There are 2 protein chains.
Amino acid sequence: MPHFEDGRVTTTGRVLDLLRTRGTLSRVELAGRTGLTAAAITHVVRRLIDDGLVHEVGRVPRQGRGQPRRLLELAPDSWYAVGVQVDRTTSTIVVLDFAGERVAEAGLRGSGGAGPEATLAVLADHVADLLRASGVPRERVLGAGLVTHGPQDQERGVLLTAQPEPEWLEFPLTGTLSERLGLPVLLENDATAAAFGEQWAGEVPTDTFGLIYMASGIGGGVIVDGESYRGRASNAVEIGHVALSGGSTVCVCGNRGCAQAEAGPRTVVEQVLADGALAERLGVKGEADGTIADFERIARAWHRGDRGAAELLERSARWIGQAAVTLVNLFDLDTVVLSGPAFVTAGPLYREHVAAELERRALSRALRRPEVRVSTNVITAAAVGGALHVLRTIPIETRSDTPVSAPTHEGAS
Amino acid sequence: MPHFEDGRVTTTGRVLDLLRTRGTLSRVELAGRTGLTAAAITHVVRRLIDDGLVHEVGRVPRQGRGQPRRLLELAPDSWYAVGVQVDRTTSTIVVLDFAGERVAEAGLRGSGGAGPEATLAVLADHVADLLRASGVPRERVLGAGLVTHGPQDQERGVLLTAQPEPEWLEFPLTGTLSERLGLPVLLENDATAAAFGEQWAGEVPTDTFGLIYMASGIGGGVIVDGESYRGRASNAVEIGHVALSGGSTVCVCGNRGCAQAEAGPRTVVEQVLADGALAERLGVKGEADGTIADFERIARAWHRGDRGAAELLERSARWIGQAAVTLVNLFDLDTVVLSGPAFVTAGPLYREHVAAELERRALSRALRRPEVRVSTNVITAAAVGGALHVLRTIPIETRSDTPVSAPTHEGAS
DNA sequence: GGTCTATTATTAACGAGTTAAATTAAACGT
DNA sequence: ACGTTTAATTTAACTCGTTAATAATAGACC
């Protein structure tokens, strides 16, 4: 019972998605939200209950006249998925149950520069530990979602960039991890994964929005009508390389004035390092613990009221705001979400400046007030999105492949 | 028999689209290209033949063994559609038959500044004349596609911008034109329409590409897997307001460094006007015959070898190239088409510079060589796209609503 | 010419959606 | 207490896809 068939969403998949995001729904509500008829929902839900993926959990009391709605929920322990998010120097692992709830979680630090082989080995060990510790039965795990920056070739499971080090280019990421884990592994873009994670968390009030993901680099994701925009080869929304008017810094991509070169965390850290006294005051050393850690020190300094830190961050935030304007104008959006480890502390500052830029400059500002939110879980959103991607994508072998027996439904329990 | 249902493409619609673009196809070929089975094609095609929309036109001789393919074609005279493209000072009207071939065409000039009411009145008269002159039976015309710059509200058929004059904002365009013509009228974005027109012309070798439309202003369109990206409310790809690094000119939208303000035809014309001697030499007066006419004079001067004209156009072309880089990076594209009246003469110059920018700066340049083309019909592409939109969208009432009689097919002719 | 074979098109049986009508289960009003 | 009303769900008949088997048609080979 796959949820997708060559990229197209099935009815079953949509029902599962809705139950996962909303938690508990009746058949009528499912019908309303999917746009399908109640009759179709009856069929789909019956199959899902037979397969043990969905349970009926009582009925709504005192809703008024008429037959009460019977509430449905995903069976949390029916299946599980792992999400592994890898950035230059920090990684996050989560294990989700079938309902999308976090069963286990781990954050890793400081393995920067170790190369893909060693990094994946460490991650695989941690995944195995997590699964063991949390008591999730191995044969109930559908697979793992590996989440990294782009550009990537998702079919082959490799990165198409030499970042962070040359060995990563074309290294068989999903193949290696899959072999070590004994599970199917899907590769996903960090920003897109975070967007799905965000949508699942239910904090975004619309199913059409853009997301800016800031870790060591800057990525973008766009969700339209609940599905991600992927473009030609799933490498869409490289917002880190949007040109900024007034920008001039040279970027690794060869362009000038790219958002990433002008305003990315790495650049902010370098700007601090360039001012010895400031670096000293903020405790920024530019050493092995990586860009994110240093950036976080700067953000905390701003939070304590440091003027120097504030100036640099505000400058970066205005640039990001300008990139957001381009994103919104090109993709016709009215909601932008900020996610990624760079926003742990600096989130509110960025939110304010991005919102200000959009309100001043987005083309649609007269029609709809643009909205900017900071992710509710900047650190784990991407890993959660990776695991969700697995839950949504990997086909589930249906148990009852016997021809559906004559309905013996006399009322549940 | 609608081709679309709430934005989703039907099988019937895809078959008609394919026959329209490819001209002549057999059932097997249709099956292959749609991804449907031969059985499904049999059903769909039978219905289409019964309704008189498709004809069998002989069989392929000597293809090898086996039963020869029976070739199918659209019935050109079954239905017609009108496309009306309106720009500041130039308009184009086309009448297409059901096969998408041009039955009639008219170009209009110099009605700038007349306001929507008067403009539509003139256009409606011309449409009526064209239909009469070309002998297209009125009751066989499905409707008209009105094509303008954005942003627009396509549902209500109004512009959401005060360009070119304040009266255009919220003026009931489709309502007025529909009443005058006695036909359904759909509103469509010029760049998106041109992209459809281009795709139909079959000159673009891929079904995923971006298009930059330059008339008085600059618009953008993106086609992914043969369908247009529309975003939240069909106002996507406002590439005229992408920020350019190094740009600083103030734009009507309130931003600085927008592509349109920095490099649009209007700006180029103004730059020429600012240099009295140059304006004199090129014959540019900045008078009522409009931006496009003046821009065309500059382009022709370049073509004759005028250095001053070349410098200004090249500068504009490089800016457009930078906007194209952003378009390509955000939407993950590898093909960009240039269309619109501004490219009549200047097309090759822009093509060269846009291609150069993409080859130097697009992120995907290492994976796939970015390709830039000038539309084969820069002037009429948008109007044609508007008419195609009508052919693809407006439901056709099926003649035979009688239950399909017992198949009396004993082999045709 | 007669048979075998490859290719195209059609038919038959089935699956997943649709609409319309029927069934079920509670609340309301007397 | 009991029929009426209302809302949720199910069933029934039909549509438009699917796959699998069958029919039609011409080339290849004897």
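Letters go in sequence order (proteins before strands), and every chain restarts at 1. This one's a predicted model, so the numbers in the text were calculated from it and none came from an experiment.
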N/O (side chain, [X]) to phosphate O (OP1/OP2, [N]) under 4.0 Å:
X	N	value
T11(A)	dA16(C)	no
T42(A)	dT9(D)	no
R59(A)	dA26(C)	yes

Atom pair distance, as rounded to whole Å: [atom1] in [X] and [atom2] in [N]:
X	N	atom1	atom2	result
Q67(B)	dA23(D)	CD	C1'	9 Å
H43(A)	dC14(C)	NE2	C1'	14 Å
R27(A)	dT11(D)	CZ	C1'	14 Å
L30(A)	dG17(C)	CG	C1'	16 Å
R65(A)	dT4(D)	CZ	C1'	8 Å
I41(A)	dT19(C)	CD1	P	13 Å
E29(B)	dT7(C)	CD	C1'	13 Å
R47(A)	dT10(D)	CZ	P	16 Å

With the side chain of [X] defined as its heavy atoms from C-beta on, choose the nearest nucleotide among [options].
X	options	answer
A39(A)	dA20(C), dT9(D), dT25(D)	dA20(C)
V44(B)	dT9(D), dG17(D), dA25(C)	dG17(D)
R46(B)	dT8(C), dT11(D), dT11(C)	dT11(C)

Sugar-phosphate, base or nothing in reach of L36(B), heavy atoms under 4.0 Å: sugar-phosphate

Mutual orientation of the aromatic rings belonging to Y229(B) and F331(A) [parallel < 30°, tilted 30-60°, perpendicular > 60°]: perpendicular

Geometric class of the F196(B)/H389(B) ring pair [parallel <30°, tilted 30-60°, perpendicular >60°]: parallel

Closest-nucleotide ordering on DNA chain C, the 5'-leading residue of A40(A) and S26(B): S26(B)

Nearest-nucleotide 5' precedence on DNA chain C, G64(A) against T37(A): T37(A)

Test salt bridge (Lys or Arg N to Asp or Glu O under 4.0 Å) applied to E73(B) and R20(B), step by step: CA-CA 8 Å; E73(B) 263 181 25; R20(B) 191 168 287 127; over 6 Å; no

Pairing of R14(B) and D17(B) as salt bridge, 4.0 angstrom limit: no

Ion pair check, D332(A) and R230(B), cut-off under 4.0 Å: no

